Amino acid sequence: MSLRLGDIAPDFTAKSSEGDINFHQYLGEGWVVLFSHPADYTPVCTTELGTVAKYKAEFEKRNTKVIALSVDGLESHQGWIKDINETQNTTVNFPIIADEDRKVSELYDMIHPNANDKFTVRSVFVVGPDKKIKLIITYPASTGRNFDELLRVIDSLQLTAKFSVATPANWKPGEDVVIAPAINNEDAAAKFPKGFKIVKNYLRLTPQPN
Ligand code: BEZ
């Protein structure tokens with residue numbers, strides 16, 4: 001059965017480029033991005049993992065760890081990491097799971113046989129401190145991911161977990177947010193001391209509360 005938002009992210013233990021990893025222990029009290037790529041020694045994946053390495057500080061600011069996965073083995077990962085470091089001018093600073101037996105790929109439905117029956121697609125799972133899946137995105141092998149978008153979504157997830165708000169289309173941190181429909185105007189006035197604008201009864205905007 002495929003995973004859905006709100007499900008507990010299945011736990012697993014797997015070999016990785018940084019040693020054996022238990023997923024729930026790795027998650028700890030923070031957030032995790034688990035993302036798969038089709039294969040080592042491929043061009044788009046090389047740019048993706050180099051980009052994630054460069055964004056480490058941005059993920060850390062958000063109390064978020066990252067962990068990559070492909071069905072290649074450890075030796076392949078270790079050799080490829082050297083190439084990523086060299087070509088992307090960075091140092092890979094997060095674990096890459098060696099899922100040769102496809103245990104994790106199958107658990108997370110990362111192999112889409114009608115796209116490719118051997119390799120994982122570009123899946124992204126964001127998991128919160130409660131171990132629940134907060135976001136699932138799937139990209140095809142031919143499209144490298146936009147990791148700025150991923151940081152933006154994590155900002156939205158963390159903001160909306162704390163306040164009774166949602167973030168509108170194309171929202172960026174610092175911009176106005178939408179007040180959750182369940183909050184009436186009286187409660188909104190107390191909850192959002194910066195004030196709010198009623199565009200329609202169902203569309204109320206307030207400055208970002210944090
Ligand atoms: C790549 O990472 O460049 C790639 C991998 C599989 C298929 C197409 C591109």
Side-chain angles (χ1 to χ4, degrees), residues 1-5 9-10 12-21 23 26-27 31-60 62 64-127 133-157:
M1 201 184 74
S2 58
L3 294 170
R4 294 179 175 169
L5 300 188
F12 59 82
T13 298
K15 287 190 175 51
S16 90
S17 55
E18 297 191 356
D20 287 0
I21 283 203
F23 186 59
Y26 184 70
L27 174 66
W31 295 68
V32 163
V33 176
L34 168 66
F35 67 109
S36 58
H37 58 274
D40 295 357
Y41 295 104
T42 50
V44 176
C45 302
T46 301
T47 62
E48 284 195 323
L49 272 70
T51 300
V52 172
K54 287 178 191 162
Y55 280 27
K56 171 110 175 203
E58 289 300 321
F59 285 110
E60 278 178 352
R62 294 160 175 85
T64 300
K65 293 179 183 167
V66 294
I67 183 162
L69 174 151
S70 80
V71 295
D72 298 292
L74 271 186
E75 213 174 299
S76 166
H77 284 350
Q78 299 298 2
W80 183 45
I81 285 170
K82 288 187 197 140
D83 280 7
I84 299 170
N85 293 346
E86 179 196 323
T87 63
Q88 307 304 303
N89 196 21
T90 189
T91 301
V92 171
N93 43 22
F94 54 87
I96 308 176
I97 294 169
D99 192 35
E100 282 181 292
D101 61 5
R102 301 173 173 214
K103 192 178 78 182
V104 183
S105 314
E106 281 168 13
L107 200 55
Y108 279 79
D109 204 16
M110 292 165 163
I111 295 175
H112 296 197
N114 291 328
N116 190 305
D117 60 357
K118 289 194 181 63
F119 304 120
T120 42
V121 290
R122 297 187 200 280
S123 296
V124 185
F125 292 85
V126 176
V127 181
I133 297 172
K134 307 295 181 188
L135 172 90
I136 303 173
I137 322 181
T138 309
Y139 293 71
S142 52
T143 304
R145 283 160 282 207
N146 182 330
F147 291 95
D148 289 317
E149 166 62 3
L150 196 51
L151 292 173
R152 189 192 75 90
V153 178
I154 293 169
D155 285 336
S156 170
L157 286 168

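Worth saying up front: this structure is predicted, and the values here are computed from it rather than measured. Whatever order the structure lists them in is the order used to number ligands and atoms, beginning at 1. Residue numbers start at 1 and run along the sequence shown.
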query: Using a threshold of 4.0 angstrom between heavy atoms of the protein and any atom of ligand 1, which residues qualify?
result: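 Ligand 1 is contacted, at a heavy-atom distance under 4.0 Å, by P38, T42, P43, V44, C45, R122, A141.
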
- request: Using modelled atom types only, decide if a donor and an acceptor are shared between the side chain of K15 and the backbone of G73 within a distance under 3.5 Å.
  value: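 Not confirmed, K15 side chain does not pair with G73 backbone.
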
field: Verdict with supporting geometry, D72 and Y41, side-chain hydrogen bond (donor to acceptor under 3.5 Å, both in side chains)
entry: CA-CA 10 Å; D72 298 292; Y41 295 104; over 6 Å; no

N-O pairing of K82 and E86 below 4.0 Å: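 Between E86 and K82 there is no salt bridge, as every charged N stays at least 4.0 Å from the carboxylate O atoms.
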
message: Do K65 and F59 form a cation-pi contact, if we require the NZ or CZ to be under 6.0 Å from the six-membered ring centre and within 45 degrees of the ring's axis?
response: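 Geometry flag: not set, cation outside 6.0 Å or 45°.
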
query: For the rings on F125 and Y108, is their centre-to-centre separation under 6.0 Å?
result: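 Between F125 and Y108, the centre distance is under 6.0 Å.
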
task: Look at atom CG of D20 and say whether more than 12 heavy atoms of other residues, nucleotides or ligands are closer to it than 6.0 Å.
output: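 Enclosed.
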
